[in-house]
Amino acid sequence: MELGRAIVLVVLMGVTRSLNVTTIGPETVSTDTSTHPETAEENTEQKEAIAVGEAEEDVMATGELNPSHYPAQRAAKVVQHYLNTRYGSPYKLFGLKQVHSGNAEDVADSGRKYQLEISVHEIISNTKENCFAEVFFPRGGKQLSPQVQVSSCEELLKIDPKSEVEALYQQYKTNKTVRTEKRIPDSYGHIDPEMTPFWHLSIVASSFIMLNESTENTLYNMAQVANITQLATENDQLKFDCHVLLHDMVSQEIPQWKLLFTWSPAEGVKVLQTEQLPHIHECEKHAKPN
């Protein structure tokens with residue numbers, strides 16, 4: 001695996017009038033992280049962890065874990081997705097800073113439990129806190145979502161950007177014009193500051209998929225939001241349809257998903273529908289020649 005080519009964690013946010021989406025290959029993802037240091041920081045740490053743990057990527061260790069190796073890193077990444085689904089907003093976004101310690105044990109025939117001490121980073125306020133987490137990966141023929149419990153993150157959870165969130169909500173609640181934006185960030189990694197809150201909001205919405213799809217053999221990040229459409233507001237909820245590209249850093253696959261979700265300051269993000277789209281290579285294989 002050539003991890004130096006790993007796709008940077010960026011999110012592309014745009015708007016389209018149609019639910020039909022255009023396939024965007026992973027080559028369109030910017031590798032310039034200078035404009036968004038929070039993604040550069042997270043991606044660099046993950047590359048270092050993967051480089052150290054690559055030799056053990058298929059070993060499901062029990063007992064005390066090396067914090068830099070795959071098993072601990074994968075379980076800790078699930079905690080990040082969980083926090084974003086529970087507490088994330090356009091102005092509140094969580095990232096994994098560091099894994100300090102970890103322990104894994106088999107739970108009869110039902111699954112595996114990981115106990116972790118990690119540093120969690122609230123990216124927008126640049127606030128860090130050490131937290132304890134327990135992640136349980138169920139076993140069985142049908143894939144089930146990991147179960148997560150987190151403690152000692154009280155200071156991070158107290159962060160409340162209420163005024164910014166309310167101002168954004170009021171601005172777009174009354175917006176009657178369909179805006180079309182594509183390839184944000186662009187191929188150079190640039191994001192219009194006005195679009196940054198929607199970049200964060202798209203990460204939060206996609207975290208529901210990444211949490212649900214995570215296993216002991218995955219390590220999901222956002223690659224792009226190819227497009228996003230603001231639909232008519234319903235019951236005081238802003239409603240969006242979007243097409244996202246995720247990146248599994250283990251397999252190097254780029255799964256594509258469509259999401260329908262709502263957001264408001266009072267209710268947070270609620271994902272209404274998800275649909276997995278064909279892989280990019282499958283789309284290219286079936287594309288008609290010019």
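Sequence positions, counted from 1, serve as the residue numbers for this chain.
The distance from atom OG of Ser119 to atom CG of Leu156, rounded to the nearest 0.5 Å, is 9.5 Å.
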Assess the residue pair Glu216 and Arg112 against the criterion (salt bridge (Lys or Arg N to Asp or Glu O under 4.0 Å)); give the C-alpha distance rounded to whole Å, side-chain angles, the decisive distance to 0.1 Å, and a yes or no. CA-CA 9 Å; Glu216 292 178 279; Arg112 284 170 58 83; 2.6 Å; yes

Test side-chain contact (heavy atoms from CB on, under 4.5 Å) applied to Tyr172 and Phe198, step by step: CA-CA 11 Å; Tyr172 286 89; Phe198 292 95; 3.4 Å; yes

- Message: With side chain to side chain donor-acceptor pair (under 3.5 Å) as the criterion, how do Asp241 and Thr229 come out once you've worked through the C-alpha distance, each side chain's angles and the decisive distance to 0.1 Å?
- Response: CA-CA 5 Å; Asp241 175 88; Thr229 302; 4.8 Å; no

- Message: Please evaluate residues Asn221 and Lys77 with respect to the criterion side chain to side chain donor-acceptor pair (under 3.5 Å), reporting the C-alpha separation (whole Å), side-chain torsions for both, the decisive distance (0.1 Å), and the verdict.
- Response: CA-CA 9 Å; Asn221 293 310; Lys77 190 67 174 178; 2.7 Å; yes

TODO: Dump the intermediate steps for side-chain contact (heavy atoms from CB on, under 4.5 Å) on Ser207 and Tyr82, then the final yes or no.
DONE: CA-CA 7 Å; Ser207 293; Tyr82 169 81; over 6 Å; no

**OP:** Go through the steps to decide whether Ser264 and Gln237 satisfy the test side chain to side chain donor-acceptor pair (under 3.5 Å), and finish with yes or no.
**Re:** CA-CA 5 Å; Ser264 71; Gln237 302 290 306; 3.0 Å; yes

Item to complete: Determine, step by step, whether Phe94 and Ile123 satisfy the side-chain contact (heavy atoms from CB on, under 4.5 Å) criterion, reporting the C-alpha distance in whole Å, the side-chain angles of both residues, the deciding distance to 0.1 Å, and the verdict.
Response: CA-CA 6 Å; Phe94 298 96; Ile123 294 170; over 6 Å; no

TODO: Go through the steps for Gln224 and His243 under the test side chain to side chain donor-acceptor pair (under 3.5 Å), then give the verdict.
DONE: CA-CA 9 Å; Gln224 294 180 333; His243 168 207; over 6 Å; no

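Proximity of a side-chain donor or acceptor of Ser251 to a complementary backbone N or O of Glu253 within less than 3.5 Å is detected. Counting only distance, with no hydrogens or angles, the side chain of Gln73 and the backbone of Pro67 share a donor-acceptor pair below 3.5 Å. One N or O on the side chain of Gln256 and one on the backbone of Pro278 form a donor-acceptor pair closer than 3.5 Å. Under the 3.5 Å distance criterion, the side-chain polar atoms of Asn227 are left unmatched by any main-chain donor or acceptor of Cys242. A donor-acceptor pair under 3.5 Å is absent between the side-chain atoms of His81 and the main chain of Leu211, judged by distance alone. No side-chain donor-acceptor contact under 3.5 Å links Thr233 to the backbone of Asp236.
The hydrophobic cluster analysis finds Leu144 isolated: no Ile, Leu, Val, Met, Phe, Trp or Tyr side chain comes under 4.5 Å of it, directly or through other members. Hydrophobic cluster membership for Val107: Phe136 (Ile, Leu, Val, Met, Phe, Trp, Tyr linked by side-chain heavy atoms under 4.5 Å, directly or transitively).
Hydrophobic clustering of Ile, Leu, Val, Met, Phe, Trp and Tyr side chains at less than 4.5 Å, counting indirect connections, unites Leu201 with Val165. Tracing side-chain contacts under 4.5 Å through hydrophobic residues (I, L, V, M, F, W, Y), one never reaches Leu83 starting from Phe132; they form parts of separate clusters. Tracing side-chain contacts under 4.5 Å through hydrophobic residues (I, L, V, M, F, W, Y), one reaches Trp263 starting from Val271; they form part of the same cluster. Hydrophobic clustering, with ILVMFWY side chains joined whenever heavy atoms are under 4.5 angstrom apart, groups Val79 together with Leu157.
Among Leu238, Leu231, Leu272, the single residue meeting the side chain to side chain contact (heavy atoms under 4.5 Å, CB included) criterion with Thr262 is Leu272.
Remark: the Ser163 side chain and the Glu166 side chain contain no N/O donor-acceptor pair separated by less than 3.5 Å.
Considering only residues two or more places apart in sequence or on other chains, Asn212 meets the side chain to side chain donor-acceptor pair (under 3.5 Å) condition with Ser145. By the ring-ring contact (aromatic ring centres under 6.0 Å, His included) test, Phe137 pairs with Tyr114, sequence neighbours left out. The side chain to side chain donor-acceptor pair (under 3.5 Å) check on Ser110 picks up nothing, with sequence neighbours excluded. With sequence neighbours left out, the side-chain contact (heavy atoms from CB on, under 4.5 Å) criterion links Ala76 to Leu96, Val99, Leu116, Ile118.
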